[in-house]
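Counting starts at 1 for both ligands and their atoms, in listed order.
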Amino acid sequence: MTEDEARAELARLALEIARHDRAYYAEDAPLITDAEYDALRRRNAELEAAFPHLIRPDSPTHRIGAAPEGAFGKIRHRVPMLSLSNVFAPEEFTAFIDRARRFLGLAADHPLALVAEPKIDGLSISLTYEEGIFIRGATRGDGTEGEDVTANLRTLRTLPQKLQGRAPARIEIRGEVFMTKADFLAMNEAQEAAGGKRFANPRNAAAGSLRQLDPAITASRPLALFAYARGETSEPVAETHWQYLERLRDWGFEVNPLSEYLAGPDEAPGFQARIAAERASLAYDIDGVVYKIDDLTLERRLGFVGREPRWATAWKFPAEQATTLLRDILIQVGRTGALTPVAILEPVNVGGVLVTRATLHNEDEIARKDIRVGDAVILQRAGDVIPQILGIVPEKRPKNTKPFAPLETCPVCGSHAVRPPGEAVRRCTGGLICEAQTVERLIHVCSRPAFDIEGMGEKTVREFHERGWLASPADIFHLPAREPEIAALEGWGALSAQNLVRAIEARRRIPFARFLYALGIRRIGATNAKLLARHYETFDNWRAQMLAATEIGSDARLTLGSIVGIGEAIATELTDFFGEPRNLAALDALAAELTIEPETAQAAADSPLAGKIVVFTGTLETMTRPEARARAEALGARVTDSVSKKTDLVIVGADAGSKARRAAELGVRTVTETEWRELAGM
Ligand code: IVH
């Protein structure tokens, strides 16, 4: 799957999952089965695992459903609760370890002690203790803010109300609440006998039981808890993770007894195999093993990339497979015109999840596997997740099947569908005249991570577009003038129309990064939008610079290509976008409706690096380039590759060459590595 396809698919999944969350939690009227819902979430998780840099700010992974608004108080996590990267094979695990070693500048054979813990699929929680007393507990929520489930957690028998022995003034302990398989089955039977709702799997059962409004119900549910991680602590409590697990036990927590200390990564494959062999006989469901770097000093240095730690990864078990019938191949048209073939399947259960569709990625993939409508196909959910079609069963092929013929024209607008040489994806050339693209783009503009207009969901956008009210993004802001017409629509009424108008008016102010993301330019996802916004700061500046950058070889073009993380392909997308007059017109029409707030440096204003443009050159002795860059960015700096008049600071390592000279010529401030460490508070 290409990045573009993954991005489009993640956007679609975010919308779809949010829609089902609303249907389930807010409207109490689920539109699909739990299994189908799980399949969506898992597919999203799998894509995010494969493309971690594409994780959306509104990723469903970072929302655990949602209780009815206001049912529980909110608790802000002082240290965000993040997720884990995944690996599926020994090579991927080795690559993870090598990355960590490289980041730390350790030799390729440096022994890195690890702790291995079975990964239970439950729900993670955060527990705060003050002076040893349990005072507060929260779900992960969206990772930043969770729900206050203190009263419910107090009912867990395995949760210490008071820590035994010496405890720090304040400590936050994290772990997993789960249900054993036997408890889950028994509870479901009891529920059913009492005319209640059956849960789809132990994970849902644990989550549903913890998020009860009445703690007495939680108390009646067989919930278990293993502790395994740290949040904020008022004082250091251990030097290694293994020591920390020991302290957890001393304080009275249950720690998974299968956890093990491994002297080095070489021991991981053996551990993985032993746990895999035991998996079926364990009392609870696990989907892999979490490997954590034991040394907590290294852990701190490694830090995070995006929402995942560099110091831990989850090695997932191999996928489960099933065979089913391929009924049809549909072609979906995405926001950027990409035509994606989708397999319509005879519904089949793969490892507990009902699968009805699977992506076929692109026509080469179909040709390579010679997949035809009518074939029996072998499906797999990788890492218990994404449905993929591995191949067909040749013996089962019926007579008269035909090879899949790629469409020459767009199924929606009839424009030519072309495949540029060297690209895997066929695209509709209809651009702004292709209704599919127009609508997908408008849906994107209104979506949660973009303009986030409550009430402008997929269905409404389609309907307004069909009525001719929405042709381009600026039209969204002309909708308030149609309030009476909207109120008169079936299913609307004065109140809903008024709410919609309010929601639209509230979005006339928008942060620059969001605005950039909302434009839906190819390859400009949330991360790149943020990078661009930080670099150019204001919309007007960006617009002027992009117009200038359409000239090949211009300063503006060179600057654009040298922003760290942007690169050639993205720069070209931007200049292509600005090279099309209709895009510029649509952009200006939209901007004219808005106040676009400049991007301000995120880091604490007192950081000496906030908002500074810095360049590293030469070899650093005490840390690798990636570590130095991550540190600089965490402090609000922008790191670029080339020195110009705009550069604020050049960090000069050993054997620095032309960049150090250029800095001297331009009178840009230079510092040594030691001075840099001081500036960065290291
Ligand atoms: S450590 C920074 N350890 O996996 C991440 N997580 O994908 C810290 N999980 O939300 C998480 N067993 O619900 C950790 N032994 C373990 C775990 C574990 C299960 C879950 C947890 C977390 C998810 C991350």
Side-chain angles (χ1 to χ4, degrees), residues 41-42 44-50 52 55 59-65 77-88 96 100 114-127 137-147 149 172-180 201-204 206-207 210 223-232 241-242 244-245 248-249 253-262 268 271-272 275 279 282 284-294 296 298-300 302-317 383-385:
R41 286 195 84 99
R42 281 167 190 273
N44 185 71
E46 159 81 5
L47 278 174
E48 291 184 342
I55 294 180
S59 163
T61 312
H62 308 129
R63 275 181 282 125
I64 304 176
H77 301 303
R78 291 182 174 221
V79 179
M81 292 182 78
L82 304 171
S83 50
L84 288 169
S85 58
N86 289 333
V87 300
F88 297 97
F96 162 77
L114 303 170
V115 174
E117 302 163 3
K119 184 170 188 294
I120 297 185
D121 200 11
L123 93 151
S124 50
I125 44 133
S126 143
L127 309 164
T139 61
R140 169 159 115 170
D142 63 4
T144 312
E145 203 175 60
E147 289 167 337
V149 287
E172 190 199 330
I173 289 159
R174 292 172 178 181
E176 199 85 355
V177 169
F178 64 97
M179 207 176 271
T180 65
N201 54 43
R203 199 210 110 86
N204 284 3
L210 190 62
L223 291 174
L225 165 70
F226 279 145
Y228 57 61
R230 286 168 308 132
E232 193 196 38
H241 184 61
W242 188 244
Y244 175 67
L245 293 185
L248 287 174
R249 284 195 197 93
F253 286 98
E254 287 193 18
V255 171
N256 192 321
L258 296 174
S259 305
E260 262 184 39
Y261 171 84
L262 309 182
F271 186 84
Q272 189 75 13
I275 295 292
R279 181 181 183 187
L282 292 180
Y284 41 78
D285 279 336
I286 60 171
D287 56 359
V289 176
V290 183
Y291 293 90
K292 302 176 177 173
I293 289 173
D294 189 40
L296 297 183
L298 299 184
E299 180 198 287
R300 194 169 37 76
L302 283 162
F304 294 84
V305 53
R307 304 189 64 94
E308 294 169 352
R310 292 193 187 85
W311 44 265
T313 195
W315 186 344
K316 298 289 198 70
F317 293 129
D384 291 351
V385 183

Between Tyr291 and Phe271, how do the two ring planes meet: parallel, tilted or perpendicular, split at 30° and 60°? perpendicular
Is the contact between Leu84 and ligand 1 made by the side chain, the backbone, both, or neither, using heavy atoms and a 4.0 Å cut-off? both
So how far is it from Ile275 CD1 to Glu117 CD, rounded to the nearest 0.5 Å? 11.0 Å
Say whether Pro309 and ligand 1 are in contact under the criterion: heavy-atom distance to a ligand atom below 4.0 Å. yes
Nearest protein heavy-atom contact for atom 15 (N) of ligand 1: which residue, which atom, what distance? Glu117 OE1, 2.6 Å
Those atoms of ligand 1 less than 4.0 Å from some heavy atom in Leu82: 5 (C)
If we set the cut-off at 4.0 Å for heavy atoms, which region of Glu308 has an atom near ligand 1: side chain, backbone, both, or neither? neither
So how far is it from Leu282 CG to Ile120 CD1, rounded to the nearest 0.5 Å? 8.5 Å
Identify the closest protein heavy atom to atom 19 (C) of ligand 1: which residue and atom is it, and at what distance? Ile120 O, 3.3 Å
With the threshold set at 4.0 Å, does a side-chain nitrogen-carboxylate oxygen contact exist between Asp287 and Arg203? no
So, taking the atom named NZ in Lys292 and the one named CG in Leu262, what distance separates them when rounded to the nearest 0.5 Å? 12.5 Å
Aromatic plane relationship, Phe226 with Phe178 - under 30° parallel, 30 to 60° tilted, over 60° perpendicular: tilted
Suppose we measure from atom 13 (O) of ligand 1 to each protein heavy atom; which comes out shortest, and what is that distance? Glu176 OE1, 2.7 Å
Have Ser126 and Glu172 got a donor and an acceptor in their side chains that come within less than 3.5 Å? yes
In this structure, atom 3 (N) of ligand 1 is nearest to the protein heavy atom Lys292 NZ, 3.0 Å
Report the nearest protein non-hydrogen atom to atom 14 (C) of ligand 1: residue, atom name, distance rounded to 0.1 Å. Tyr228 CE1, 3.2 Å
Looking only at distance, does Ser124 have an N or O less than 3.5 Å from an N or O of ligand 1? yes
Are His241 and Leu245 close enough that some pair of their side-chain heavy atoms sits under 4.5 Å apart? yes
Once you restrict to heavy atoms under 4.0 Å, what part of Asn256 touches ligand 1? Side chain, backbone, both or neither. neither
Mind telling me whether Trp242 and Tyr261 have parallel, tilted or perpendicular rings, with 30° and 60° as the class edges? tilted
Atom 22 (C) of ligand 1: which of Arg140, Arg230, Met81 has the nearest heavy atom? Arg140
Which heavy atom of the protein is the closest neighbour of atom 4 (O) of ligand 1, given with residue, atom name and distance? Lys119 CE, 3.2 Å
